[in-house]
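Please read the structure below before turning to the comments.
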Amino acid sequence: MSGISIILVIVVAFFAGMEGILDEFQFHQPLVACTLIGLVTGHLTEGIMLGGSLQMMALGWANVGAAVAPDAALASVASAIIMVLALQGGANNAKAAIDTSIAVAVPLSVAGLFLTMICRTIAIPMVHFMDAAAEKGNIRGVELWHILAICLQGVRIAVPAAALCFVKPEVVTGALNLMPSWLQGGMAVGGGMVAAVGYAMVINMMATKEVWPFFVLGFVLACIDSSQLTLIGLGAIGVALALIYLGLKESAGSNGGSNGGSGDPLGDILNDY
């Protein structure tokens, strides 16, 4: 990996670490982080493939109260770097490198929680420094400590990323080549199952009678070939539209007396025009 690529990877890792807290530009999301690392290292296609698979896994990750989700930033950045090193080391099978990177993403995400705990422990005294600056009316001092605390989150991803960048690609490729075929196959199956579990968690959270028809519509439209539409797809679209209509009609009928509607939402919309 060239010097410029290493610098750009560290920059991407730094922003991914900060975005794990800010959630403003979503650099920590696997699809974004892996794609950017693939771009700066010359493996854009593989980066998108890895990011898409990891994104499916991370769809169900969310911080709920005191429960902190696994660290998507470290998992995305570190797994992408491992994949790039394997490819630059001469790995003949790009799919095996991607599957291995997906398999190591989960333990890396758990390790990221430990690093997050360390950073947040260090940030506790910074809060007291901010309070002291606020008591003195030093607004710039408060802003400075805020910036330092956020940069600390970026450093927790940038440092492991920099360390991985200096690993010789031949070492990673040699480790992949030493894996027996049954282990590589197991990692491929495990990586696919992890992505499926993440997607299933999202479906479980959105599994309501109002949302299911839209899910069916999106699934069918995503699978439609540009040249043909099967009867099964047409039937699924028809059932989904019927369920959506019945849901709208039920909703309109339940409060039809208050808004003066006819109880037929589609008819009301057409009459308005």
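We're numbering straight along the sequence, starting at 1.
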Which atom of [X] lies closest to which atom of [Y], heavy atoms considered:
{"X": "M83", "Y": "S101", "value": "CB-OG, 3.2 Å"}
{"X": "S53", "Y": "I102", "value": "CB-CD1, 3.5 Å"}
{"X": "C119", "Y": "L152", "value": "O-CD2, 3.6 Å"}
{"X": "P213", "Y": "L243", "value": "CG-CB, 3.7 Å"}
{"X": "A16", "Y": "A73", "value": "O-CB, 3.6 Å"}
{"X": "A105", "Y": "L54", "value": "CB-CD2, 3.6 Å"}

Atom pair [atom1]/[atom2] of [X] and [Y] - distance to nearest 0.5 Å:
{"X": "L85", "Y": "H43", "atom1": "CG", "atom2": "NE2", "result": "9.0 Å"}
{"X": "T35", "Y": "L39", "atom1": "OG1", "atom2": "CG", "result": "8.5 Å"}
{"X": "L148", "Y": "F129", "atom1": "CG", "atom2": "CZ", "result": "11.0 Å"}
{"X": "T45", "Y": "I98", "atom1": "OG1", "atom2": "CD1", "result": "9.0 Å"}
{"X": "L22", "Y": "I150", "atom1": "CG", "atom2": "CD1", "result": "4.5 Å"}
{"X": "M18", "Y": "C151", "atom1": "CE", "atom2": "SG", "result": "6.0 Å"}

- Message: Strictly distance-based, threshold 3.5 Å: is any side-chain N or O of E19 a donor or acceptor partner for the main-chain N or O of Q26?
- Response: yes

- Item | Under 3.5 Å donor-acceptor, Q55 side chain and L31 backbone | yes

Can you hop from [X] to [Y] via hydrophobic side chains spaced under 4.5 Å?
{"X": "F166", "Y": "I82", "answer": "yes"}
{"X": "I10", "Y": "V40", "answer": "yes"}
{"X": "I122", "Y": "M130", "answer": "yes"}
{"X": "I6", "Y": "L8", "answer": "yes"}
{"X": "V127", "Y": "M117", "answer": "no"}

- Query: Hey, mind stepping through R140 and N138 against side chain to side chain contact (heavy atoms under 4.5 Å, CB included) and telling me if it holds?
  - Reply: CA-CA 5 Å; R140 184 169 179 80; N138 186 3; 3.9 Å; yes

- Task: Decide side chain to side chain contact (heavy atoms under 4.5 Å, CB included) for L217 and L241; before the verdict, give the C-alpha distance in whole Å, the side-chain angles of both, and the deciding distance to 0.1 Å.
- Result: CA-CA 8 Å; L217 275 178; L241 291 176; 4.2 Å; yes

Hey, does [Y] have a side-chain heavy atom less than 4.5 Å from the side chain of [X]?
{"X": "F27", "Y": "V12", "value": "no"}
{"X": "P160", "Y": "L74", "value": "yes"}
{"X": "L115", "Y": "I157", "value": "no"}
{"X": "H146", "Y": "M126", "value": "no"}

- Stepwise side chain to side chain contact (heavy atoms under 4.5 Å, CB included) test for I81 and C165: CA-CA 7 Å; I81 294 174; C165 286; 4.2 Å; yes

- Task: Verify side chain to side chain contact (heavy atoms under 4.5 Å, CB included) between R156 and I118, making sure each step is shown before the conclusion.
- Result: CA-CA 9 Å; R156 74 180 173 88; I118 294 176; over 6 Å; no

- Message: Tell me whether the count of non-hydrogen atoms from other residues, nucleotides or ligands lying under 6.0 Å of CZ in F14 goes above 12.
- Response: yes

